[in-house]
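To start, the structure under review is shown below, and the notes come after it.
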Amino acid sequence: MRFDLVRQPLIPAFLGLVILLVLALCHTASGGGVSYPTFGISAAELPLPAFGGVLEQFAQHHAGWAHTLAGFCLLFSAMSIGRMTARFKLYGISTFIAMPLYMLSMMGVMGCNAWFSAVVTSTFMTLSVKNFCYSFRNGFSFDAVLRGGIYLALVLLLMPKAAPLVLVMPLAMILFRRATRETLVATFGFLLPPFVWAYLNWAVGGSFVAPFKLLYHLFMEGEWLFGVLQFSIITQLFGAVLLLLNLLSVILFSLNSYALSTRSRHTLIYTTYLLLCCAALLLVPGVQATMLALLAVPSALMLPVLFIRVRRSLAQILYLLFAAASIAALVMAC
């Protein structure tokens with residue numbers, strides 16, 4: 001019996017995920033991490049620093065623990081995405097191909113200096129998308145939308161340049177037909193982490209508004225539209241390939257969406273909007289290659305559409321080419 005790369009059962013998909021995970025962790029960047037500027041905000045005003053900087057300092061001084069935690073985060077994210085695709089029956093067939101596809105989509109990030117905070121951010125992104133998608137059901141889903149809002153806020157705290165992703169929360173509320181009360185709960189969850197940070201910063205003697213000032217300056221730092229040109233050629237090519245494959249997947253989904261259940265169709269429509277928002281992040285000022293970690297989440301959900309809808313021989317060739325391009329991006333770094 002020939003092994004089908006597209007219709008991957010759980011065990012082969014998990015083994016492929018583990019192999020790619022080990023390969024990625026063995027080729028992570030060994031630099032000194034990323035320093036976060038303070039933009040004139042004194043330590044007295046901001047005794048609690050930005051979370052992304054804290055994670056990078058941790059990775060710099062505790063490399064072994066950072067690799068262990070990153071491995072757990074990547075494994076958890078990939079398995080959460082795989083379980084969601086199987087539970088929702090997103091593609092009309094039984095496959096766990098989304099698990100290795102998530103790891104392949106993350107390969108372009110693992111060679112960057114800020115790879116550890118990017119991995120943690122991608123995990124929070126996965127949890128946010130998962131909870132918003134799980135909220136699509138009969139009855140109220142206060143717990144799911146609350147967690148979705150909290151995790152989305154944590155994404156923006158770790159990666160302030162992803163601020164435009166705030167749009168995906170109202171999109172989820174509209175697309176998944178959530179009530180006004182649930183929207184208010186999701187908004188409360190989204191506002192909770194930054195205000196907790198501001199309150200704790202004020203409680204230890206700092207300024208209440210300093211965290212918000214820092215987030216604003218971190219987002220506005222850099223040049224609009226042309227930050228992608230600062231990426232290495234390999235990273236630019238990898239990002240272009242990833243976006244092209246996602247575009248083909250969206251086209252095939254739009255042509256065959258009628259064949260899916262209501263829940264699967266709405267989930268993939270939400271994934272399409274999420275892809276557009278993540279692609280738009282490449283235009284924000286001073287964008288960095290670690291932004292591809294956010295694109296990996298909707299890519300893992302949407303790319304299986306491409307491999308399932310095309311002919312098997314072509315799908316296997318495309319899969320192998322994408323795997324080769326991802327590994328090349330990892331080895332040649334950012």
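The first residue of the sequence shown is numbered 1, and numbering continues consecutively from there. Keep in mind that this is a model prediction, so the values were computed, not measured.
Phe140 pairs by the ring-ring contact (aromatic ring centres under 6.0 Å, His included) definition with Phe142, not counting sequence neighbours. A search for salt bridge (charged side-chain N to carboxylate O under 4.0 Å, His left out) contacts involving Arg83 returns nothing, not counting sequence neighbours. Applying the salt bridge (charged side-chain N to carboxylate O under 4.0 Å, His left out) criterion to Arg309, with sequence neighbours excluded, gives no partner residue. With sequence neighbours left out, Leu10 forms a side-chain contact (heavy atoms from CB on, under 4.5 Å) with Phe96, Met99. Evaluation of the ring-ring contact (aromatic ring centres under 6.0 Å, His included) rule for Phe88 yields Tyr134 as partners, not counting sequence neighbours. With sequence neighbours excluded, the residues that form a side-chain hydrogen bond (donor to acceptor under 3.5 Å, both in side chains) with Ser299 are Asn246. Taking Thr183 as the reference, nothing meets the side-chain hydrogen bond (donor to acceptor under 3.5 Å, both in side chains) condition, with sequence neighbours excluded.
Within the structure, no pair that satisfies the side-chain hydrogen bond (donor to acceptor under 3.5 Å, both in side chains) test touches residues 90-100, not counting sequence neighbours. The stretch residues 257-306 participates, sequence neighbours left out, in these ring-ring contact (aromatic ring centres under 6.0 Å, His included) pairs: Phe136-His266, Phe176-Tyr270. Sorted pairs that involve residues 211-220 and meet side-chain hydrogen bond (donor to acceptor under 3.5 Å, both in side chains), not counting sequence neighbours, are lacking altogether.
In this structure the side chain of Phe14 reaches within 4.5 angstrom of the side chain of Leu75, judged on heavy atoms. Here the side chains of Leu294 and Val155 are in contact, with some heavy-atom distance below 4.5 Å. Counting heavy atoms from C-beta on, the side chains of Ile97 and Leu303 never come closer than 4.5 Å. Counting only heavy atoms from C-beta outward, the side chains of Ser128 and Phe132 approach each other to under 4.5 Å. Between Val310 and Leu252 there is a side-chain heavy-atom pair separated by less than 4.5 Å. Here the side chains of Met291 and Leu295 are not in contact, with every heavy-atom distance at 4.5 Å or above. Two residues are said to be in side-chain contact when any heavy atoms from C-beta on lie closer than 4.5 Å; Glu182 and Ser141 meet this criterion. Residues Tyr102 and Ser122 are in side-chain contact: their nearest non-hydrogen atoms beyond the backbone lie under 4.5 Å apart.
Atoms CD and CD1, from Gln236 and Ile233 in turn, are 4.5 Å apart once rounded to the nearest 0.5 Å. Taking CG from Leu158 and CZ from Phe51, the interatomic distance works out to 8.0 Å, rounded to the nearest 0.5 Å. Once rounded to the nearest 0.5 Å, the distance linking NE2 of His62 with NE2 of His67 reads 14.0 Å. With rounding to the nearest 0.5 angstrom, the CG atom of Leu21 is 8.5 Å from the CE atom of Met107. Within the model, atoms CG of Leu157 and OG1 of Thr121 stand 10.0 Å from one another, a figure rounded to the nearest 0.5 Å. One distance of note links CG of Leu274 with CD1 of Ile269; it measures 13.5 Å at 0.5 Å rounding.
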Q: Show the numbers, then the answer: is there a ring-ring contact (aromatic ring centres under 6.0 Å, His included) between Trp115 and His27?
A: CA-CA 11 Å; Trp115 64 271; His27 287 82; over 10 Å; no
**Q.** Test side-chain contact (heavy atoms from CB on, under 4.5 Å) applied to Ile150 and Arg147, step by step
**A.** CA-CA 5 Å; Ile150 291 174; Arg147 291 193 298 267; 5.6 Å; no
(Q) Is there a side-chain contact (heavy atoms from CB on, under 4.5 Å) between Ser261 and Lys89? Walk through the geometry before answering. (A) CA-CA 8 Å; Ser261 65; Lys89 300 179 180 178; 6.0 Å; no
(Q) As a quick check of understanding, evaluate side-chain contact (heavy atoms from CB on, under 4.5 Å) for Val109 and Val119, giving each step before the final call. (A) CA-CA 8 Å; Val109 179; Val119 168; 5.7 Å; no
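The two residues Thr271 and Pro298 have their closest heavy-atom pair at CG2-O, 3.4 Å. For Ile41 against Ala210, the heavy-atom pair with the smallest separation is CD1-O, 3.9 Å. Contact record, Leu281 with Ala162: CD2-CA, 3.8 Å, taken as the closest heavy-atom pair. Residue Pro193 comes nearest to Gly189 through the heavy atom pair CD-O, 3.1 Å, listed as atom of the first residue, atom of the second, then distance. Between Ala300 and Pro304 the shortest heavy-atom distance is O-CD, 3.2 Å. Scanning both residues, Leu152 and Leu165, for their nearest heavy atoms gives CD2-O, 3.9 Å.
Tracing side-chain contacts under 4.5 Å through hydrophobic residues (I, L, V, M, F, W, Y), one never reaches Ile251 starting from Leu242; they form parts of separate clusters. No continuous path of ILVMFWY side-chain contacts below 4.5 Å connects Trp65 to Phe72, so the two sit in separate hydrophobic clusters. No continuous path of hydrophobic side-chain contacts links Leu247 to Leu237 [ILVMFWY only; heavy atoms under 4.5 Å]. Ile19 and Met110 fall into different hydrophobic clusters, where Ile, Leu, Val, Met, Phe, Trp and Tyr residues are linked whenever their side-chain heavy atoms come under 4.5 Å apart, directly or through other members. By the criterion of side-chain heavy atoms lying less than 4.5 angstrom apart, applied directly or through intervening Ile, Leu, Val, Met, Phe, Trp or Tyr residues, Leu229 is grouped together with Leu282 in one hydrophobic cluster.
With hydrogens and angles left out, the side-chain atoms of Ser80 and Thr126 include no donor and acceptor closer than 3.5 Å.
Lys161 places no side-chain N or O within donor-acceptor distance of the main-chain N or O of Met220, the cut-off being under 3.5 Å. With hydrogens and angles disregarded, no donor-acceptor distance shorter than 3.5 Å links the side chain of Gln230 to the backbone of Gly286. One N or O on the side chain of Thr267 and one on the backbone of Arg263 form a donor-acceptor pair closer than 3.5 Å. Thr28 contributes no side-chain N or O that, together with a main-chain N or O of Ala24, makes up a donor-acceptor pair within less than 3.5 Å.
Each of Thr187, Val145, Ile174 was compared with Met169 under the side-chain contact (heavy atoms from CB on, under 4.5 Å) criterion, and only Thr187 meets it.
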In residues 317-332, what donor-acceptor pairs under 3.5 Å come from side-chain atoms, sequence neighbours left out?
residue	atom	partner	partner atom	Å
Tyr319	OH	Gln8	NE2	3.4
Ser326	OG	Leu104	O	3.1
Ser326	OG	Phe322	O	2.9

Under 3.5 Å, side-chain donor or acceptor atoms of residues 194-203 against the rest of the protein: list the pairs with distances, not counting sequence neighbours.
residue	atom	partner	partner atom	Å
Trp197	NE1	Leu48	O	3.2
Asn201	OD1	Leu48	N	3.2
Asn201	ND2	Glu45	O	2.9
Asn201	ND2	Ser207	O	2.7

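Around the CE atom of Met84, the shell of radius 6.0 Å holds more than 12 heavy atoms that belong to other residues, nucleotides or ligands. By the neighbour-count criterion of 12 heavy atoms within 6.0 Å, atom CH2 of Trp224 is densely surrounded, having more than that number from other residues, nucleotides or ligands. Summarising the local packing, CZ of Phe212 is surrounded by more than 12 heavy atoms from other residues, nucleotides or ligands at distances under 6.0 Å.
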